Structures are given as C-alpha cells and as structure tokens.
Amino acid sequence: MAFELPPLPYAYDALEPTINEETMKFHHDKHHKAYTDKLNEGVEKDPSLAGKTIEEILGVISTQPPLVRNNGGGYWNHDFFWKIMTPGGGTPSGKLAEAITAYGGLDKLKEDFNTKGAGQFGSGWAWVIADADGKLSITSTPNQDNPLMDDVAVKGTPILGNDVWEHAYYLTYRNDRPGYLKAWWDVVNWDEAGRIYDSVVG
Ligand code: MN3
C-alpha cells in the first residue's frame, strides 16, 4: 500500500502572517507531494519495506539508499510539521510545561532552539526532542534526517520541529532565517506537542 500525501489540517492561509498562503501551497502541494511520491518509488524497489509504517522504515534507515532516506524523512517530517502548527498558537501546559520548566524555562528553550536552527548549515531541521524519561533537549539534523532515524547523532522523540530549508520561509523572510525562527513560535500547536509528550511519559 502506497503512502499518501496527508491533507493540511487547516487552510493554506490559516498561518498568516507567520507563514503566507503561497509558501504553504508550494510547501505542501509541491514539496511534500514530491517526498511522498519518491518515497513510494523507493518502497516499490525494496520488497523488505512492504507493509512497514514510516516509523518502522525510519528505524532501519541505515540499511536504505538515499532515495528512501531523503524522501522517507521528508514524508514524515512534513506530516509532523503541519500537525505541530495551528492558527493562533498558544502556550504549553500540563506535563510538557513542567518539562520545559525543568529544561530552564520557555525563553531558554526558544533561544536554544532558534540558535540551533539558525546554526544548521544549509538545509535541515531544528528539533525539541524527549528521551524515554521525558527529559527535553534541542537538536538539529541536516537535509531530511530526523531524530527517529537509527543512525542519527542524537535520537529521541520529536516534540517540536521547524523546517529551516529555504523553501519554508524564503518567499516571506528572504534570507532572514533567524527572523523566521523567532516568528514561528506564534503558530506552535502546544496542545498537539503536549499530547505527543504525554505519549512519551505515559
Ligand atoms: Mn520543507
């Protein structure tokens, strides 16, 4: 069974002015669709991947060619990205809010995340991840790698992630990646991030 492009959970213009409609249309309909289609090409070429979930594929990504790595990562990362954004944003609550306090507070979390995202050379992602005990940390990955891959430097469960490829921000922010990173917090879906966090700590 082929992977399908998941629909955006809101309208293309719902995240304006943080992310504009044109960016969302290209990002979802062109970029995410291309990752989805190419992932399916890769899966068709390897019978051992038949019936596997995307998370299962990411868990054995060290055995896979670049076609599956880049597009499997791109498929998962963008599905996650749409879900952890929402119009109007919000604030962290519950166990996730407690974990952020333990980390050093929300301002520190944002600052460390923005620094990591701005410092990722070339294309990639910045992440807030949780370990099995629920401890939060900040990491980044190149290209479409993510912390679920079996061979990345820092593994964990993604709680938040921001796409720092130029296609994610260039139409509005041009070369100002730090400005995009700073503005992005206005559309973070803290309810969804909290649900993911709760699933980690049980
Ligand atoms: Mn992208």
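If you're wondering where the values come from, they're calculated on a predicted model, not measured in any experiment. Whatever order the structure lists ligands and atoms in, that order sets their numbers, starting from 1.
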Looking only at N, O or S atoms in Asp163, which is nearest to the Mn ion (ligand 1)? OD2
Check: Tyr180 side chain, Ile19 main-chain N or O, donor-acceptor pair, under 3.5 Å: no
Any sub-3.5 Å donor-acceptor pair from Glu21's side-chain atoms to Glu16's backbone N or O? no
Hey, is the Mn ion (ligand 1) within less than 2.8 Å of some N/O/S atom on His32? no
Between Asp151 and Arg69 (salt bridge meaning N to carboxylate O under 4.0 Å), is one present in this structure? yes
Does the shortest distance from the Mn ion (ligand 1) to an N/O/S atom of His27 fall below 2.8 Å? yes
Restricting His167 to its N/O/S atoms, the closest one to the Mn ion (ligand 1) is NE2
Trp125 and Phe80: aromatic ring centres closer than 6.0 Å? no
